[in-house]
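What follows is a short report on a single structure.
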Amino acid sequence: MDCCSGIKIDIPKGFKKLVLAGNPNVGKSVFFNALTGMYVDVSNFPGTTVDVSHGKFENYVVIDTPGVYGVSSFNDEERVARDVILYGDVILNVVDALHLERDLFLTLQIIDMGKPVIVALNMMDDVERNGIKIDIDKLSELLGVPVIPTVAVKGRGLEEVKNNIKNAKVGNIDNKIKEYLEEYKNKVEHQSEALMLLEDDDAISERLNIKTSGKREEIYRLRRERVDKIVESVIIKEGKGNRLRQKISSMTLNPITGIPILVVVLYLVFKVIGVWVAGDVVGVTEETIMVGYYEPFIRNIILKIFNQNTFMYRLLAGEFGILTLTPTYVIGLLTPLVIAFYFFMSLMEDSGYLPRIAALVDRVLSFFGLNGRAIIPIILGFGCITMATITTRLLGTKREKIIATILLGFTIPCSAQLGVIAGMIAPLGTKYILIYAFTILIVFALTGTILNKTLPGESSELFIDLPPMRLPKISNVLKKTWTKTIMFLKEATPLFALGALIITLLEETKIIYKIQDVFKPITESLLRLPKEAANAFIMGIIRRDFGAAGLTELSLTPEQTVVALVTITLFVPCIASIIVIFKERSKKEAALIWLGSFVLAFLVGGVLAFLIV
Amino acid sequence: MTLDMAKRGQKIYIKKINDEKIKVQAIRLGIYEGAKVDCSLKIPFGPVILSNRMQEIAVGRTLAKKIEIDVIKEGA
Ligand SMILES: Nc1nc2c(ncn2[C@@H]2O[C@H](COP(=O)(O)OP(=O)(O)O)[C@@H](O)[C@H]2O)c(=O)[nH]1
Ligand SMILES: [Mg+2]
């Protein structure tokens with residue numbers, strides 16, 4: 001009965017579900033790849049950024065789950081992992097041997113579910129390097145399940161794990177918990193569900209229509225005590241920890257060294273992305289391939305079906321055509337940028353640097369009602385606002401999601417736009433670059449502060465695990481980058497197509513020109529720009545870089561250029577982002593955000609024009 | 001006293017966690033009422049970093065104010 005889990009994984013007849021479970025960054029994916037090889041499917045859970053890979057090993061369907069510290073419903077990752085683990089047939093629990101006191105909590109919880117479990121005690125190289133000794137037989141005896149020491153990245157122990165999956169056993173369930181479980185025995189189908197009810201999981205309670213027990217804290221404490229006892233008795237020799245890694249870790253956290261490190265890292269990232277990817281790579285993918293070869297090719301095909309002067313031709317292959325503009329934009333421009341951004345994010349995540357950045361910037365972001373984790377969508381926003389807005393799902397509360405969405409939509413220029421902006425502003429010299437940057441920064445800070453002061457409710461606070469710093473494995477980083485990119489493209493492409501459709505309709509009905517006419521007087525009087533600049537702003541609704549590019553055709557003084565660039569940065573995000581905002585937030589919130597960006601852009605642009613033009 | 005007042009290097013005893021939601025999540029990471037952990041680092045005005053064996057956890061400053069502690073041992 002694995003309904004309602006929001007994901008459909010076909011289990012062929014005679015196959016069992018082998019679920020990989022473990023804390024974040026313990027090596028699950030390395031195991032998954034070793035077990036399943038090449039043929040892997042990735043499914044995204046609707047409404048989350050969480051994806052689940054599955055493949056085959058012997059007569060098992062192997063399912064990789066997002067890393068979690070326990071099975072419950074505190075966030076999206078947990079909800080997804082919960083639904084997979086709850087209905088797994090065999091669980092391969094990957095444990096980071098360096099962090100037993102953390103990881104065994106999940107292990108015991110899964111054992112309490114009464115599932116056959118096999119434990120892969122991973123990262124044994126780290127354990128040895130740190131001079132720690134673990135009594136593995138004792139651990140296996142206390143847990144009541146097979147425990148196999150491994151170094152997944154070096155392939156050590158993988159064969160043994162594969163050969164022992166059939167020996168997975170139901171472990172030693174805590175006596176007290178066993179007693180409590182009795183109460184639910186006849187009410188539910190699976191012991192795992194009973195455990196969830198016992199642990200006050202509201203989602204499962206609602207799904208099964210059975211009341212929870214109110215005993216979560218007691219159960220968790222029992223389990224914690226048991227974990228601590230086990231750890232105490234299996235650690236034969238305690239180690240000192242790796243001095244160099246600790247040193248690097250505290251350097252990244254201490255602001256005196258951490259801020260310069262962050263600045264250098266971000267500078268390098270933006271240099272690579274901004275210059276190489278946005279320039280050279282996109283030059284080939286967008287100009288040469290998509291505009292040079294693909295568009296003429298598809299236009300010819302469409303011309304065979306529809307006459308050039310028909311609506312259908314314009315809709316499919318016109319200036320904003322669904323088969324011309326959309327693929328060029330999505331494949332030619334966005335894909336290389338999105339790949340680059342996800343690559344660097346995965347690199348920072350796998351090396352353990354990302355959570356440290358979150359801790360470092362936590363204080364600053366707290367002024368804006370966000371906690372350090374919000375740095376993830378903010379960095380991604382410089383890549384693509386659409387991608388970043390989708391990522392706001394990982395934030396803890398609705399309040400934080402709204403604040404982050406607004407800050408992204410209002411103030412962060414995406415890479416497509418940033419390229420054009422940089423091209424226009426760089427020749428003007430440092431003074432104008434600073435005016436631009438400071439204006440945007442001030443608007444960011446003011447918007448964040450005001451939202452934090454006015455929005456009701458409370459934001460969630462930072463409480464995160466800092467995994468050890470380690471050299472990431474490139475194949476793993478590439479794989480992550482790939483799955484995330486595919487997920488993004490699957491989710492965003494229809495939105496870009498829909499956006500193109502809307503724009504074509506606005507153009508066909510001439511509404512777009514009416515909007516431009518409305519904005520012309522404001523542009524002229526308030527922003528002190530030539531009235532044609534309004535056309536550029538409105539084009540920015542389609543693709544933000546179109547808007548910025550439209551400005552290059554006007555002859556502007558340096559002051560006017562800065563005003564125009566500030567306005568277009570603050571002006572509404574591209575149509576795909578707006579659609580995402582409408583999907584993610586309520587209609588009212590989305591409409592307010594959208595209209596708000598019109599007002600804000602012209603207001604700030606106006607003030608700036610008043611001051612400098 | 002509360003966790004935000006802990007100093008770098010101190011060993012501390014966690015007396016009470018006055019945030020129900022964090023409390024249950026924290027147990028899983030080894031931070032619970034009765035636990036003994038180290039304050040390994042404090043980011044000025046920012047999060048407090050707790051460590052327990054190889055495990056490190058960053059606790060936001062406002063949240064740290066909701067965690068009551070005792071100092072067991074002063075830092076070196
Ligand atoms: N030193 C060491 N690193 C490992 C080992 N297994 C995995 N890793 C690394 O740990 C990181 C996280 O691995 P991953 O499979 O993505 O973990 P997941 O989040 O559990 O899927 C990667 O950078 C791996 O290269 C191991 O046995 N020893
Ligand atoms: Mg993984």
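Atom set for the values below is all heavy atoms of this structure, side chains included, hydrogens, waters and symmetry mates excluded.
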- Counting only heavy atoms not in A:Leu471, do more than 12 fall under 6.0 Å of its CG?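 No.
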- Message: Within the supplied structure, the quantity of interest is the number of heavy atoms (other residues, nucleotides, ligands) at a distance under 6.0 Å from A:Glu238 CD; does it exceed 12?
- Response: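 Correct, the count exceeds 12.
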Chain B heavy atoms under 4.5 Å from [X]: which part of the residue, side chain, backbone, both or neither?
X        : answer
A:Asp103 : neither
A:Leu106 : neither
A:Val227 : neither
A:Phe74  : side chain
A:Ser249 : side chain
A:Ile256 : neither

To the closest 0.5 Å, what do you measure between [atom1] ([X]) and [atom2] ([Y])?
X        : Y        : atom1 : atom2 : answer
A:Phe463 : B:Asp19  : CZ    : CG    : 9.5 Å
A:Leu253 : B:Ile49  : CG    : CD1   : 5.0 Å
A:Leu100 : B:Met54  : CG    : CE    : 10.5 Å
B:Thr62  : A:Asn371 : OG1   : CG    : 9.5 Å
A:Glu101 : B:Arg53  : CD    : CZ    : 4.5 Å
A:Asn23  : B:Leu29  : CG    : CG    : 7.5 Å

- Message: Taking every non-hydrogen pair under 4.5 Å, which of B:Gln25, B:Arg61, B:Glu20 racks up the most with chain A?
- Response: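 Top option by heavy-atom pairs under 4.5 Å: B:Gln25.
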- Item | For chain B, which residues of residues 352-361 of chain A have heavy atoms nearer than 4.5 angstrom |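 Counting heavy atoms that sit under 4.5 Å from chain B, the residues of residues 352-361 of chain A involved are A:Arg356, A:Ala359, A:Leu360.
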Proximity breakdown for [X] and chain A, heavy-atom pairs closer than 4.5 Å:
X       : result
B:Leu41 : side chain
B:Ala64 : neither
B:Ile22 : side chain
B:Leu50 : neither
B:Lys23 : side chain

- Task: Verify side chain to side chain contact (heavy atoms under 4.5 Å, CB included) between A:Ser72 and B:Arg28, making sure each step is shown before the conclusion.
- Result: CA-CA 11 Å; A:Ser72 49; B:Arg28 309 186 306 184; 2.9 Å; yes
- Message: Out of A:Arg223, A:Glu78, A:Gln109, return the one with the most heavy atom pairs under 4.5 angstrom to chain B.
- Response: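 Most pairs with chain B among the choices: A:Glu78.
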- Query: chain B: which of A:Arg363, A:Arg224, A:Arg102 shares the most heavy-atom pairs with it under 4.5 Å?
  - Reply: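 If we count pairs closer than 4.5 Å to chain B, A:Arg224 comes out on top.
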- Message: Given 3.5 Å as the limit, does a donor-acceptor pair link the side chain of A:Glu461 with the main chain of B:Leu63, or not?
- Response: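 It does hold such a pair.
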- Nearest heavy atoms of B:Gly60 and A:Asp362, plus distance in Å: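 For B:Gly60 versus A:Asp362, the nearest heavy atoms are CA-OD2, 3.8 Å.
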